[in-house]
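To find a chain, count down the sequence lines: A is the first, B the second, and so on, and within it residues start at 1. Remember, predicted model here, so these are calculated numbers, not experimental data.
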Amino acid sequence: MRLSQSLIPTLKETPAEAQIASHRLMLRAGLVRQMASGIYAWLPAGLKVLNKIAQIVREEQDAAGAQELLMPTIQSADLWRESGRYDAYGKEMLRITDRHERELLYGPTNEEMITAILRDTTKSYRDLPQIPYHIQWKFRDEVRPRFGVLRGREFLMKDAYSFDLDYAGALLSYKKMMLAYMRTFQRIGITAIPMRADTGQIGGDLSHEFHILAPTGESGVFYDAEFEAGDALGVGYEPAALEDFYDSMTTKYAATDEKHDLGAWAAIPDERKREGRGIEVGQIFYFGKKYSESMNYSVIGPDGAKLFPEMGSYGIGVSRLVGAIIEARHDEAGIVWPDAIAPFRVGILNLRQGDAVTGEICESLHAIFGADCLYDDREERAGAKFAEADLMGHPWQIIVGPRGAANGQVELKRRATGERFELPVAEAIAKVRG
RNA sequence: CGGGGCGUGGCGCAGCCUGGUAGCGCGCUUGUUUUGGGUACAAGAGGCCCCCGGUUCGAAUCCGGGCGCCCCGACCA
């Protein structure tokens, strides 16, 4: 992609409304534009990040045995009356009336709808277990939207729902999702820690929140340093491995300030105590038969008797993750994207636009990296290009100046560490490719 | 939902108190200059001053109403 032809409206100055780092940087780096309070348009670079995160989430959900589908954003009020949540949900739910005076709503979550779908399509115990999921926009009419996409009203969420025949099955689904989540966050390139949580609005009795560590996080978190060493990508879904993994996640201490237990905390050796701030980017729940019973969803068991499935639900805030990752990964100059989700893996900086030698090298690099690179081919000074590349946070920068170009050398800069290497073009390419 | 604040070119702001035909910096366009960390000079373009109503010879400015947005708190993927 050529920067001169792209729709990436970077800003030199910070818009007045943006208070926290991620919001400022998302606006300045041209990822989003606010369209209304808590409602954002995703511009090309922002959408690339969103899509890359969604793709990792999707791959890990699939690996855990979940199946993707897509439910609508608009739902019927009647569905919510079945579970009793239409009245219970309150003003956060955006209620809509159509031309025939039918009551609709913009979905804040999908337990009712997915239960209705399974109720219509699964009749026998042989049809379960199932873990359907989708990645869809949600709307919650927050009293006070803030922090950019971290607390928007419209947000993109992955929500999965598990349906099992009994408690043991439900617990297994829960454990699979826990592993899928840890694998997902690790692949994205951030540290996330599961913490025991209240079940809130959704109801139930087993739940974990996933917090990623960021100095500006909304909640205080306390955890055992051993979480930092975990490697979920090395864990598979075989029963024994899954069991061990789940135990290791749930027996170590981790809590938000709300649930902090001073007694248990005291038992941890001082050198393993970690305190910080966290941003919640996901939550998983087991809630049993709450919806299957209230919505009269049963399947016929092996003995011919009705059986109400055991359910759980599993959310990841995809759009929130974009903001949360930036909170965790930025410096004074701008964003420091993890490699896996950067909008562009590499930025190419032509320090002397119009020069035949630098131009030729840049064009060839551009041809090689294609959509994975952003070629700064603007008629700008070197300083401006450096500043924008740092702002946009490309993991790698290939800096092509007249000095080195004459000798076939370019400068490779690693955004995260600031390391620079003077290299022949071919070696720079190889290094970026890893 | 309680408390506070703000709406003036794309962005950041001044002007408003003490009405008199709108200004600064950045960005944008053109030219010259510069050429490795947001360059300098010059010439330009761009504004229903959030909306409606009122007061007045005259309203960005005063008065009334509305809408939008932000911040603090309570609440939340």
J.: Are A:Arg415 and A:Trp337 in a cation-pi setup, meaning NZ or CZ lies under 6.0 angstrom from the ring centre and within 45 degrees of the ring axis?
T.: no
J.: Honestly, is A:Lys176 close enough over A:Tyr237, meaning NZ or CZ under 6.0 Å from the six-membered ring centre and within 45° of the axis?
T.: no
J.: Between B:G38 and B:G27, how far is it from one P atom to the other, in whole Å?
T.: 12 Å
J.: Atom CD of A:Glu154 and atom P of B:A77: how far apart are they, to the nearest Å?
T.: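 Going from A:Glu154 (CD) to B:A77 (P), I get 18 Å.
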J.: Show me, pair by pair, the donor-acceptor contacts under 3.5 angstrom made by side chains of residues 423-434 of chain A, not counting sequence neighbours?
T.:
none

J.: When all nucleic acid strands are considered with a 4.0 Å heavy-atom cut-off, which category describes A:Arg28: base, sugar-phosphate, or nothing?
T.: base
J.: In whole angstroms, how far is the P atom of B:U29 from the CZ atom of A:Arg378?
T.: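 After rounding, the gap between these two atoms is 11 Å.
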J.: Under 4.0 Å: is that the gap between some side-chain N or O of A:Lys91 and OP1 or OP2 of B:C1?
T.: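 True: A:Lys91 side-chain N/O within range (under 4.0 Å) of B:C1 OP1/OP2.
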J.: Is there aromatic stacking of A:Phe386 on B:G38 here, judged by a ring-centre distance under 5.5 Å and a plane angle under 30°?
T.: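 Per 5.5 Å and 30° rule: no stacking.
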J.: Please name the nucleotide paired to B:G23 by Watson-Crick or G-U wobble geometry with both distances under 3.5 Å, or report none.
T.: B:C13
J.: Once you round it to whole Å, what is the distance between C1' of B:G37 and NZ of A:Lys12?
T.: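 Distance check: A:Lys12 NZ to B:G37 C1' gives 12 Å.
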J.: Would you kindly check whether a donor in the side chain of A:Glu13 faces an acceptor in the base of B:G25, or vice versa, at under 3.5 angstrom?
T.: yes
J.: Is there a Watson-Crick or G-U wobble partner for B:C1 with both distances under 3.5 Å, and if so, which one is it?
T.: B:G73
J.: State the pairing partner of B:A40; accept Watson-Crick or G-U wobble contacts with both distances under 3.5 Å, and report none otherwise.
T.: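 Across all strands, the one nucleotide that pairs with B:A40 is B:U32.
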J.: Using a strict threshold of under 4.0 Å (side-chain N to carboxylate O), is an ion pair present between A:Glu388 and A:Arg378?
T.: yes
J.: Remember a base hit wins even if backbone is also touched, and classify A:Ala36 as base, sugar-phosphate or nothing at under 4.0 Å, heavy atoms.
T.: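 Counting heavy atoms under 4.0 Å across all strands, the contact made by A:Ala36 is with sugar-phosphate only.
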J.: Taking the six-membered ring of A:Tyr86 (Phe, Tyr or Trp), confirm whether the NZ or CZ of A:Arg81 is under 6.0 Å from its centre and within 45° of its axis.
T.: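 Satisfied, under 6.0 Å and within 45°.
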J.: It should be established whether A:Gln19 places a side-chain nitrogen or oxygen under 4.0 Å from OP1 or OP2 of nucleotide B:C72.
T.: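 The answer is no; no side-chain N or O of A:Gln19 sits under 4.0 Å from OP1 or OP2.
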J.: Could you identify the nucleotide paired to B:C67, looking across every strand shown and requiring Watson-Crick or G-U wobble geometry with both distances under 3.5 Å?
T.: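 By the stated definition (distances under 3.5 Å), B:G7 pairs with B:C67.
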J.: Name the pairing partner of B:C62, where a pair is Watson-Crick or G-U wobble with both distances under 3.5 Å, or state none.
T.: B:G54
J.: Write down the protein N/O and nucleotide N/O pairs, taken from nucleotides 32-35 of chain B, whose separation is under 3.5 Å; answer none if there are no such pairs.
T.:
unit_1: B:U34; atom_1: O2'; unit_2: A:Arg381; atom_2: NH1; d: 3.3
unit_1: B:U35; atom_1: O2'; unit_2: A:Arg352; atom_2: NE; d: 3.1
unit_1: B:U35; atom_1: O2'; unit_2: A:Arg352; atom_2: NH2; d: 2.8

